[in-house]
Amino acid sequence: MKNIRQWDAQKYDEVSCLQEKWGEDLIDGIKWDPTYRVIMDAGCGTGRVTKILAQKVGTKGTIYAVDVDPNMVNKAKLNLASFKNVFVIQSDITNVFLPEKVNVVFSNAVLHWIFDHRILFSHFWELLTNTLLTKKTSDGLLLAQCGGHGNLSKVRSILNQMIKLNDFESHFHDWSEPWYFAKPDDTEKLLREIGFENIRVFLSDGTTSFVDRKSYSDFVSTVIIRPYLENLPKKQLKHRFLRLFLDRVEEMKLVWTLDYVRLNIMAECITPTSPFA
Ligand SMILES: C[S@@+](CC[C@H](N)C(=O)[O-])C[C@H]1O[C@@H](n2cnc3c(N)ncnc32)[C@H](O)[C@@H]1O
């Protein structure tokens, strides 16, 4: 598998109205506690949702916007330059070091790109409690949404049939899908085992339609089928793959729809006050 971590950040910034809306709904869906002051935006992309978070916490808050992809990080730095309370950091969110404890780990449209959720959520727990830097006294919140069980199953079945065709097959010998779409029960169990409380995990329908073939094509080639296209060596072959995919979407009467299923995650980390604090 080649370069699936490198996004076309400029294009993503242009097409990601949908992700921005999801992020905004996630933020507006909870009551913001005044103690939510230090926030990590885990997998910030180009920073469109980070901006909303920065406005939410105001100048008294701090946002650490973390992303592993240098293209995304560079674009986020440009987009967020006017926010003096936002620090953009290039790192993997499964092991990022932050200089202080965070009150909220926020993440939108990212966690399904990571396979080992035990390592991921355990690290989030450490960032929310950060026993190395402070006494264990305050509560923290994990607020996230990502692709969930059954996400894009119709779209993925088209893609998984296409990679068996003669034209493409030789480029997908060692292929496996780059996503993990977790079931709510599995996520809930894992969070409980790590120590989170007041856990709420549920799936929601995120079916989305685009107005025409062009806007659908721009979106899917930037976001969904990008890893498949990156596995193909030549421009011509990539174009053929995309064209065939769009034709099949038309044949299957899926125009121009994406059968998104979202996994919503809310969990608190309530740490006991030390009698010696
Ligand atoms: C679909 S984008 C979402 C970006 C942003 N949160 C938004 O809502 O627009 C997914 C992002 O997750 C980032 N990402 C994936 N795996 C990551 C990891 N292990 N650590 C940090 N960032 C990661 C990608 O680089 C990409 O920017």
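Just the heavy atoms: all of them, side chains too, but no hydrogens, waters or symmetry mates, feed the values below.
- No side-chain heavy atom of T129 sits less than 4.5 Å from a side-chain heavy atom of K101.
- By the 6.0 Å and 45° rule, R118 does not stack over the aromatic ring of F121.
- Aromatic pair W179/F115: centroids not less than 6.0 angstrom apart.
- With rounding to the nearest 0.5 Å, the separation of CG in L26 from NZ in K21 is 11.5 Å.
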> Can V223 and V220 be said to form a side-chain contact (heavy atoms from CB on, under 4.5 Å), step by step?
Replying inline: CA-CA 5 Å; V223 179; V220 294; over 6 Å; no
Donor-acceptor contacts, no H, no angles, side chain residues 36-44, under 3.5 Å, sequence neighbours left out:
{"residue": "D41", "atom": "OD2", "partner": "T50", "partner atom": "OG1", "Å": "2.8"}

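- In this structure, L143 and V105 have side chains that are not in contact, with every pair of non-hydrogen atoms separated by 4.5 Å or more.
- Side chains of N160 and E177: a donor on one and an acceptor on the other come within 3.5 Å.
- Residues K164 and E169 are not paired through a salt bridge, judged by the lack of any N-O separation under 4.0 Å between the basic side chain and the carboxylate.
- Checked against the 6.0 Å centroid threshold, F181 and H112 count as a close aromatic pair.
- Heavy atoms only, all atoms of each residue included: L191 and A267 are closest at CD1-CB, 4.2 Å.
- A distance of 11.0 Å separates CD1 of I225 from CD of E230, quoted to the nearest 0.5 Å.
- Side-chain atoms of N264 and S204 include a donor-acceptor pair closer than 3.5 Å.
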>> Run the side-chain contact (heavy atoms from CB on, under 4.5 Å) test on F168 and N231 for me, step by step, so that the C-alpha distance in whole Å, both residues' side-chain angles and the decisive distance to 0.1 Å come before the verdict.
In response: CA-CA 9 Å; F168 311 117; N231 238 43; over 6 Å; no
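- For the atom pair D8 CG and T46 OG1, the distance stands at 11.0 Å (nearest 0.5 Å).
- In this structure, NZ in K75 is found 11.5 Å from CG in N71, a value given to the nearest 0.5 Å.
- Residues D247 and V249 fail the side-chain proximity criterion, which asks for heavy atoms closer than 4.5 Å.
- Under 4.0 Å is where a charged nitrogen must lie from a carboxylate oxygen, and between D218 and K214 at least one such pair does.
- Looking at heavy atoms from C-beta onward, R248 lies in side-chain contact with Q161 at the 4.5 angstrom threshold.
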>> If you apply the rule side-chain contact (heavy atoms from CB on, under 4.5 Å), what do you find for D92 with N95, and how did you get there?
In response: CA-CA 6 Å; D92 191 317; N95 57 22; 3.5 Å; yes
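- Geometrically, R213 does not engage W256 in a cation-pi contact, judged by NZ or CZ lying under 6.0 Å from the ring centre and within 45° of the ring axis.
- In this structure the side chain of Y228 reaches within 4.5 angstrom of the side chain of W175, judged on heavy atoms.
- A salt bridge does not link E188 to R200: none of the charged side-chain nitrogens sits closer than 4.0 Å to a carboxylate oxygen.
- By the 4.5 Å heavy-atom criterion applied to side chains, V261 and D205 are not counted as neighbours.
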> Taking it one step at a time, do Q90 and D69 satisfy side-chain contact (heavy atoms from CB on, under 4.5 Å)?
Replying inline: CA-CA 7 Å; Q90 189 192 341; D69 178 2; over 6 Å; no
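- The line from CE of M72 to CD of Q6 is 10.5 Å long, rounded to the nearest 0.5 Å.
- Atom NE2 of H149 is surrounded by 12 or fewer heavy atoms from other residues, nucleotides or ligands within 6.0 Å.
- Rounded to the nearest 0.5 Å, atoms OG (S221) and CG (L229) are 7.0 Å apart.
- The side-chain heavy atoms of L111 and F124, taken from C-beta on, include a pair separated by under 4.5 Å.
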